[in-house]
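One structure is given below, encoded as structure tokens.
All of these numbers come straight from a predicted model, not from anything done at the bench. Just so you know, ligand 1 is whichever comes first in the structure, and atom 1 is the first atom listed for that ligand.
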Amino acid sequence: MKDFDLIVIGAGPGGYVAAIKAAKLGMKTAIIEDIRVGGTCLNRGCIPAKAMIHAAGLYKEIKQEGEAIGIYADQAHFDYQKIVNYKQETSDELVGGIEALLDGNGVERIPGKGTLHGDKRVTVKGADGTEAVYTAERVLIATGSVPALIPVPGIDLPGVLTSDGVFQLTEMPESLVIIGGGVIGVEFATVFANLGAKVTIVEALPRILQNLDKEISQNLKMILKKSDVDIHTGALVNKIEASDQGLTVFYEEKGKEQTASGQYVVCAAGRKPYTDGLFAEDVTIDMDGKQIDTDETKGFETSVKGVYAIGDVVPGIKLAHMASAQGIYCVEKMAAERDGNTSCIPDINLNAIPACVYTDPEIAQVGMTEADAKEQGIPVKTGKFIMSANGKSLITHEERGFIKVVAKEDTGEILGAQMMCARATDMISEYVTAIANGMTVQQLLKSVRPHPTYNEGITEALEDVFGESLHTVPRRRKK
Ligand code: NAD
């Protein structure tokens with residue numbers, strides 16, 4: 001008799017969601033966590049970052065936008081320590097909520113560091129050095145990822161921070177050089193530029209947010225530059241040195257050595273899967289580089305029968321909501337197998353995963369861009385709406401943004417959408433729903449969207465697929 005039906009190792013958004021779902025599906029479940037439940041997302045990632053973005057955005061809005069509508073806040077200032085406290089309290093409240101949910105659903109929380117053995121035993125080493133052994137029918141690994149450091153001289157100097165280190169700052173930095181213009185790099189640049197720090201981004205690839213729609217990266221570069229952020233693309237960092245200004249980053253741009261200096265350097269050059277101490281010597285598990293290889297058709301089972309892995313520790317999209325979706329898919333399949341239902345198709349569609357960036361304005365994307373479709377030889381028609389003609393955007397003085405939609409030329413099935421505008425990260429879900437359910441432009445146009453809302457821009461972009469956007473002066477008529 002095993003102690004549990006399922007042991008989950010790691011209580012981030014992949015692990016804790018899987019554990020709660022498993023308990024709801026009737027499995028006797030335990031979850032092992034070394035630090036705090038919530039993982040990177042709640043403690044060192046999404047939630048604290050969005051709290052900082054909210055605070056910094058509010059400050060900027062009061063200072064810069066207030067005057068235009070008759071609100072004067074000449075004395076506007078901030079207390080950085082209080083912003084940090086607010087960020088921490090927000091995380092703490094959510095972590096407390098997750099703990100209560102785990103307890104309330106009957107999931108046993110086991111604090112400590114879990115190590116998997118070949119016979120699926122899991123040993124857990126507590127903070128006080130004591131060790132306990134647990135057994136389970138199945139084990140789910142959801143140990144996530146940690147910041148990756150670039151291998152250059154000076155990366156270990158004091159003042160060189162990862163995203164974890166930035167959240168621990170208790171005083172407002174005067175200046176930052178951010179290595180990497182990916183999602184973490186541009187979100188931190190948005191926070192600290194809005195609070196008035198001097199920010200420089202050094203990105204090796206030809207553009208920031210290289211994986212997103214080209215027009216989005218170009219627009220964001222312009223917008224960040226307007227906020228006084230220096231951006232160097234095609235610029236490979238090769239050294240960091242201590243200097244009078246704090247730290248100096250050396251990088252090569254167009255064949256020439258250049259430098260950028262700041263009080264701190266933030267290394268935002270990606271993350272790596274976290275498997276330190278996870279496997280005992282008697283475990284042989286197939287890996288794909290540093291990531292654990294899994295078979296999606298078997299609900300993310302690894303090469304060891306009965307051992308599964310999800311989230312940032314496996315290959316594929318590394319986002320909190322992807323990890324949660326994989327966790328649900330995984331345990332739904334386990335429950336179906338237990339019930340002898342071999343033809344079960346889990347409820348979640350893992351092929352329509354939105355990507356969101358919390359810049360100012362927000363960015364969101366799902367499915368294919370027009371360029372992706374072209375590359376894959378898929379004939380498409382597209383629609384675009386410029387949000388400066390949207391009433392709500394005008395009221396709130398939002399940056400000029402846009403909504404784009406990509407659909408199959410013959411059937412009108414929606415293949416992708418890209419947005420750069422206020423509330424883009426909320427609104428993208430309309431397109432996610434459409435793609436996950438194979439809906440067409442015509443079907444999505446049947447919905448009447450309320451006025452005045454940003455969502456009206458979705459209707460307009462869809463109408464533009466036929467050249468019929470109502471609030472656009474016609475430049476052309478599409479077939
Ligand atoms: P990333 O891979 O998105 O970006 C890292 C960037 O660093 C790349 O563009 C890369 O070219 C650049 N880089 C690497 N080495 C360099 C060098 N020597 N010199 C200059 N540039 C260099 O990684 P990230 O921004 O660190 O984010 C990590 C993960 O966390 C990603 O998977 C991301 O999607 C996720 N994340 C998501 C959100 C969100 O959903 N809003 C927020 C934060 C992080």
Shortest protein heavy-atom distance from [atom], along with the residue and atom involved:
atom                    : answer
atom 14 (C) of ligand 1 : Ala269 CB, 3.5 Å
atom 31 (C) of ligand 1 : Lys318 O, 4.4 Å
atom 26 (O) of ligand 1 : Gly270 N, 2.9 Å
atom 10 (C) of ligand 1 : Glu203 OE2, 3.5 Å

Quiz prompt | Pair Asp230 + Lys198, salt bridge at N-O below 4.0 Å | solution = yes
Quiz item: Would you call Asp464 and Lys404 a salt bridge, taking side-chain N to carboxylate O under 4.0 Å as the test?
Solution: no
Backbone or side-chain N or O of [X] under 3.5 Å from ligand 1 N or O:
X      : value
Gly181 : no
Leu319 : no
Val357 : no
Ile184 : yes
Glu187 : yes

Quiz prompt | Identity of the nearest option to atom 15 (N) of ligand 1, non-hydrogen atoms only, from Ile150, Ile179, Val183 | solution = Ile150
Quiz item: So which of Pro354, Pro151, Gly180, Ala148 gets nearest to atom 7 (O) of ligand 1, if we judge by its closest heavy atom?
Solution: Gly180
Practice problem: Step through the shown structure and confirm whether more than 12 heavy atoms of other residues, nucleotides or ligands are within 6.0 Å of CD on Glu257. | Solution: yes
Quiz item: Which residue, Glu370, Glu215, Glu460, forms the salt bridge (charged side-chain N to carboxylate O under 4.0 Å, His left out) with Lys384?
Solution: Glu215
Practice problem: Would you indicate whether the side-chain heavy atoms of Glu187 and Val357 approach each other to under 4.5 Å? | Solution: yes
